[in-house]
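All values below were derived from every heavy atom in this structure, side-chain atoms included, with hydrogens, water molecules and symmetry-related copies excluded.
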Amino acid sequence: MPENLKNTSLTRCWVVKKDGTKRVFYSRDKRSRKSRPDMALGIKRLRKMLLVGALKDDWSKAIIYENKPGGTEIERVNPTDKYQG
């Protein structure tokens, strides 16, 4: 996994956990080192992390943005959503 995800990711996810802390996660947009970045893959991986992965049932609000200054909002993820792999 690249060490500079903050600079190379196409999307980022702003998360508010149930205890009130805020975190930012960056997407992993490549299938392998030599492949081209795919925004849809990165968004799918962020949704999976939120709904069935490491943060399952531990967050109250999540918003996915483009990873650039003043990036536009792409999607709001609801904690009651069902993951559809």
- Any chance you could measure K61, atom NZ, to W14, atom CH2, to the nearest 0.5 Å? 5.0 Å
- Task: Enumerate the residue pairs fulfilling salt bridge (charged side-chain N to carboxylate O under 4.0 Å, His left out) with a member in residues 7-22, sequence neighbours excluded, ordered by first and then second residue.
- Result: K17-D58
Atom pairs and distances, donor-acceptor, side-chain atoms in residues 68-76, under 3.5 Å, two or more places apart:
{"from": "T72", "atom 1": "OG1", "to": "E66", "atom 2": "OE1", "distance (Å)": "3.3"}
{"from": "E73", "atom 1": "OE1", "to": "R76", "atom 2": "NH2", "distance (Å)": "3.4"}
{"from": "E73", "atom 1": "OE2", "to": "R76", "atom 2": "NE", "distance (Å)": "2.9"}
{"from": "E75", "atom 1": "OE2", "to": "R47", "atom 2": "NH1", "distance (Å)": "2.6"}

- Item | V15 vs V24 side-chain heavy atoms within contact, under 4.5 Å | no
- Tell me, please, which residues at least two apart from S27 pass side chain to side chain donor-acceptor pair (under 3.5 Å). T11, D29
- Is V77 reachable from M49 through a run of I, L, V, M, F, W or Y residues, each pair having side-chain heavy atoms under 4.5 Å apart? yes
- Message: Between Y83 and D81, is there a side-chain heavy-atom distance shorter than 4.5 Å?
- Response: no
- Task: Quick one: pull up CG in L55 and CG in L46 and give me the separation to the nearest 0.5 Å.
- Result: 10.0 Å
- Sequence neighbours excluded, which residues qualify as side chain to side chain donor-acceptor pair (under 3.5 Å) partners of N78? T80
- Task: Verify, without hydrogens or angle tests, whether N67 (side chain) and K6 (backbone) share a donor-acceptor contact under 3.5 angstrom.
- Result: yes
- Message: Which residues pass the side-chain contact (heavy atoms from CB on, under 4.5 Å) test with P79, not counting sequence neighbours?
- Response: W59
- Atom NZ of K30: over 12 foreign heavy atoms under 6.0 Å: yes
- Task: Evaluate the side-chain proximity of Y26 to T8: yes if any heavy-atom separation is below 4.5 Å, no if none is.
- Result: no
- Between the CE atom in M39 and the CD1 atom in I64, the distance rounded to the nearest 0.5 Å is 10.5 Å
- Rounded to the nearest 0.5 Å, what's the gap from NZ on K48 to CD1 on I43? Could you check? 16.0 Å
- Item | Residues that, via side-chain heavy atoms closer than 4.5 angstrom, fall in one hydrophobic cluster with L41 | none
